[in-house]
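Both counts, for ligands and for their atoms, begin at 1 and track the order of listing.
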Amino acid sequence: MTDSEVGKRGNVYENVVWQFNKASDLMKLDLDIRKILGKTTNEIIVNFPVKMDDGRIEMFTGYRVQHNNALGPFKGGLRFHPAVDIHEVRALATWMTWKSALTYIPFGGAKGGIQCDPFKYSQSELERISRRFTFALGNNIGPEYDIPAPDVNTNPQIMAWILDTYISTMPAHERQACIHVVTGKPIESGGSLGRDKATGQGVVYTVEEWARDKGFNLAGATYTVQGFGNVGSWTALLLKQHGSKLLAVEDASGAIANAEGIDPEDLIAYAKKNNGLISEYPKARPIDRKTLFQTKADIFVPAALENQITADTAPLLNVKLVAEGANGPTDPDGDQVLQQKGIDLIPDILCNAGGVIVSYFEWLQNKRSEFWELEEVDTKLHRKIVSAYERVRDTAKEYKTDWRTAAYIVALSHLDTVYRERGIFP
Ligand code: GLU
């Protein structure tokens with residue numbers, strides 16, 4: 001696709017296709033490899049009934065798309081959100097393949113989810129929804145085959161229910177050997193130290209590298225965040241340790257700002273007491289979405305959903321850096337505007353890779369019956385994500401291209417090498 005075709009897309013999967021074609025053209029990726037990577041391997045859709053607290057039955061639709069497993073088992077999160085559909089899951093699964101390939105972890109890419117608004121359900125309903133979805137997926141997931149993890153609106157508790165349901169259907173003697181069927185578990189159930197903060201930690205490690213490259217001081221730097229779930233809140237908390245100042249933040253309930261700075265720790269405590277929602281936080285004033293985008297700051301961290309930085313919103317941004325904590329927050333039009341405005345970008349498949357990197361560490365610990373100290377997890381995460389950052393930076397220079405395309409080139413080169421070495425069966 002050429003630049004003149006920017007804007008001719010609809011769903012988020014078309015963004016992936018656009019990004020993939022741009023990088024493939026530039027690196028002159030072999031046409032056969034393009035054909036393979038341009039398709040998903042398996043797309044599983046399950047409809048399943050769940051009994052509600054009042055005795056009614058509700059039907060749910062769940063998805064698991066497995067994009068590619070050339071580098072290792074399929075890997076990626078599960079999200080519970082009304083916007084989940086096959087196009088979104090397909091896009092997210094494909095990004096997971098690139099993410100693992102870019103960071104050199106031995107996983108493929110997958111993603112799944114349930115189309116639902118989880119805030120409408122009680123804890124016991126959520127438990128039954130999670131368990132029944134796991135049961136419906138059956139052997140489409142597995143510890144050496146396809147390993148789910150948390151994503152939007154899912155968490156360690158949900159992973160524990162999935163684990164328990166999965167192993168309950170296994171022969172008794174295999175159960176304990178299966179706890180790595182999901183990652184992002186609670187620590188006591190086989191989770192890893194550092195997994196909860198891992199995505200935010202990875203965002204901050206890449207921002208630190210960017211700051212070092214630019215001779216930029218994070219102490220006193222200002223930033224805004226879109227999304228205050230796991231990724232947004234951890235990123236804010238960790239940037240606070242650098243002495244950076246949070247000026248504005250948005251979540252599903254609305255956006256707030258304070259020119260003096262918002263204390264992320266205090267905001268997290270407030271959100272915990274208010275159903276996870278921040279819009280009525282008393283130590284900031286409510287603002288609209290447009291004002292959030294217009295807020296002058298050094299760094300903007302989108303940490304919510306896809307297609308947020310677009311032809312409409314990108315022109316509003318007044319920042320030096322966009323650090324993509326979310327998957328796919330910028331569409332191709334948005335990318336073009338950022339480039340025209342000279343705003344730096346740490347692309348999603350690099351910036352938010354900390355989550356799946358520490359998922360890999362959790363998986364390894366489970367397989368080896370080990371338990372690593374937090375310091376060991378953080379040190380290993382730092383090493384992995386910084387070397388991926390360096391590969392992307394160097395590739396952007398070599399190809400004289402933007403960082404998203406460079407990240408794709410690194411990931412695709414890795415996959416290309418593997419396909420060349422192994423060939424295609426038969
Ligand atoms: N959902 C996270 C992501 O999008 C983590 C996936 C994982 O740990 O498998 O990268």
* **pair R420-D32: side-chain heavy atoms closer than 4.5 Å** => no
* Are Y389 and D213 linked by a side-chain donor-acceptor pair shorter than 3.5 Å? -> yes
* To do: Look at the aromatic rings of F20 and W98 and report parallel, tilted or perpendicular, splitting at 30° and 60°.
  => parallel
* What residues, two or more places apart in sequence or in another chain, satisfy side chain to side chain contact (heavy atoms under 4.5 Å, CB included) together with D164? -> R131, S168
* **For the student: nearest non-hydrogen atoms of P302 and A323, plus distance** => CD-O, 3.2 Å
* Asked: Going by atom types alone, do N327 and K99 pair a side-chain donor with an acceptor below 3.5 Å?
  -> yes
* Structure fact -> Chain-and-number sorted residues having a heavy-atom contact under 4.0 Å with ligand 1 are K75, G76, G77, M96, K99, K111, A149, P150, D151, R195, N327, G355, V356, S359
